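Shown next, in structure tokens, is the structure this report addresses.
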Amino acid sequence: MLKGKNIILGVTGGIAAYKAADITSRLVKAGASVDVIMTKNAEHFITPNTFEALCHHKTLTDTFDRDHPWEVEHIALAEKADLVLIAPATADVIGKLANGIADDMLTTTMLACTCPKLIAPAMNTHMWENLIVQDNLKKLQHYGWTVIEPTSGHLACGTSGAGKLPDTADIVEYCDLEIGHEKDMKGLKVLVTAGPTQEAIDPVRFLTNHSSGKMGYAIARAAARRGAEVTLVSGPTALSCPIGVTGVSIVTAREMYEAVTSRQKEMDIIIKAAAVADYRPAVIAEDKIKKQDNASDMSIPLERTDDILQYLGEHKPDGQFLCGFSMETKDMLENSRRKLEKKNLDMIAANNVKVKGAGFQGDTNVLTLIGHDFEKELPLMTKDDAADALLDEIFRYKREN
Ligand code: CTP
């Protein structure tokens, strides 16, 4: 996705500098042309040769180096850059950049860059929490920089807390999010639901289904990459919330109902990919239900949950696009069309779980997109591609209606 993009990677003097080699390698594999600029202190942790071997460009360290291909190197580099990433960023470089100090190749080049800029701080927890550092970061955000927040964990200084450089794959995902995709959904607010719900029977058991959440997460990720402001309301899954998406975790159908209906009015598009329980135990036993030695069967009285999509359809604001999902094992088209009408949807994405490559757990799906005056059968696709195809169809519809 970063094919043909020019990225300047700034590396500063912290222990996480060694991870910048992996970031370089991942960016190059994603198709980017990477120029690395190191501060003098970074050279205490990793050598320029490491980056040169990975990106095949000269690593820049010295503003006054005379052995370079351009006339005024920091300006030439700044002009061709599509993105700047500083990772890891020390408190020192954050302070310099926030205050316009340009005393080396990296800080000088940064002042000349007009492209999007990402900065990934990594340092000791107390340094990270220091109000001077936080104020400097706020200043950088004010000047248009995007701050990639550090994660928490065991730090090289021996303490535990916030200040760790995020996973290198996540950092590359931030770059992809920033410049890897056309931003045709900029300005749109999108709410996606995903995953199963869990309805407690007693303190140790619950009713649920096989939903992995993969389809809904793929849609949320695709919409964020296309520039939308995305909220993902998800039941329990093994997946992490995609980068750039606001996650809301719920467990029960009731909690999903609250989370979705309270946000409905502000959304331009709502896509309900979650597999919501239709029934829940009428009473949740306070203690674990014990088996009865002299009874060979048992039954649990169930009651209906709220149909969230039905509510959304009945209270749909003008101009909002509402898309449901329909999971069937037979009569897929008929049943799905019925749901489209009954729930007042603009589109329903139907899939038959019995078809090879479709359904809950896998990484592929076979969707048929159905609207009031259209029906589009998509071929077997990865869930990521199916997510983009679904968003394309929503766009086509919105354009023509
Ligand atoms: N849905 C919902 N709330 C529920 C049940 C379903 O919002 N209590 C939504 C799902 O998120 C999905 C759509 O309704 O977008 C269709 O779900 P599905 O389970 O296929 O159909 P149901 O309407 O539940 O009907 P049935 O189970 O009888 O097929």
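Note that the numbering runs from 1 along the sequence shown for the chain. Order of appearance sets the numbers: ligands from 1, and atoms from 1 within every ligand. These numbers come from a predicted model, not from an experiment.
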Task: From CA spacing to verdict: side chain to side chain donor-acceptor pair (under 3.5 Å), N365, K214 - done: CA-CA 10 Å; N365 213 347; K214 286 180 182 173; over 6 Å; no
Task: Chi angles and distances behind the side chain to side chain contact (heavy atoms under 4.5 Å, CB included) call for L2, D176 - done: CA-CA 7 Å; L2 296 172; D176 186 49; 4.3 Å; yes
Measuring from [atom], which candidate in [options] has the nearest non-hydrogen atom?
| atom | options | result |
| --- | --- | --- |
| atom 2 (C) of ligand 1 | D307, N351, L345 | D307 |
| atom 8 (N) of ligand 1 | N209, D306, I348, V260 | D306 |
| atom 3 (N) of ligand 1 | I308, L340, T197 | I308 |

With nothing but distance in play, are any N or O atoms of [X] less than 3.5 Å from an N or O of ligand 1?
| X | result |
| --- | --- |
| A273 | no |
| M327 | yes |
| F325 | yes |

Task: T329 side, atom OG1; N335 side, atom CG - distance, nearest 0.5 Å - done: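 It is 8.5 Å, given to the nearest 0.5 Å.
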Structural part of [X] in contact with ligand 1, heavy atom criterion under 4.0 angstrom:
| X | value |
| --- | --- |
| A253 | neither |
| T305 | side chain |
| K343 | side chain |
| T193 | neither |

Give the numbers and elements of all ligand 1 atoms closer than 4.0 Å to a heavy atom of [X].
| X | result |
| --- | --- |
| A274 | 10 (C), 11 (O) |
| S326 | 20 (O) |
| D278 | 4 (C), 5 (C), 8 (N), 24 (O), 27 (O) |
| A277 | 8 (N) |
| L309 | 2 (C), 7 (O), 9 (C), 13 (C), 14 (O), 15 (O) |

Task: Protein non-hydrogen atom found under 4.0 Å from atom 24 (O) of ligand 1 - done: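 So atom 24 (O) of ligand 1 has protein heavy-atom neighbours under 4.0 Å.
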Task: Any protein heavy atom nearer than 4.0 Å to atom 19 (O) of ligand 1 - done: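 It does not; no protein heavy atom is within 4.0 Å.
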TODO: May I ask whether S336 places a heavy atom under 4.0 Å from ligand 1?
DONE: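 Contact absent.
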Open item on the list: Could you check whether any side-chain N or O of Q361 sits under 3.5 Å from a backbone N or O of H210, counting only pairs where one atom can act as donor and the other as acceptor?
Closed with: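 Pair found, side chain donor or acceptor close to backbone of H210.
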- [ ] Examine distances only and state if a side-chain atom of R205 and a backbone atom of I289 form a donor-acceptor pair shorter than 3.5 Å.
- [x]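 Yes.
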Open item on the list: Show the nearest heavy-atom pair for residues A89 and I119, with the distance to one decimal.
Closed with: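 Nearest pair, atom of A89 first, then I119: CB-CG1, 3.4 Å.
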Task: Of I86, I148, V147, the residue whose pairing with L118 passes side-chain contact (heavy atoms from CB on, under 4.5 Å) - done: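 When side-chain contact (heavy atoms from CB on, under 4.5 Å) is applied between L118 and each of I86, I148, V147, only I148 qualifies.
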Task: Donor + acceptor pair across side chains of R263, T231 (<3.5 Å) - done: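 Note: R263 and T231 side chains miss the donor-acceptor criterion.
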Open item on the list: Using the rule given for side chain to side chain donor-acceptor pair (under 3.5 Å), can you reason through Y217 versus T237, listing the C-alpha separation, both sets of side-chain angles and the distance that settles it, and then say yes or no?
Closed with: CA-CA 10 Å; Y217 278 61; T237 70; 3.2 Å; yes
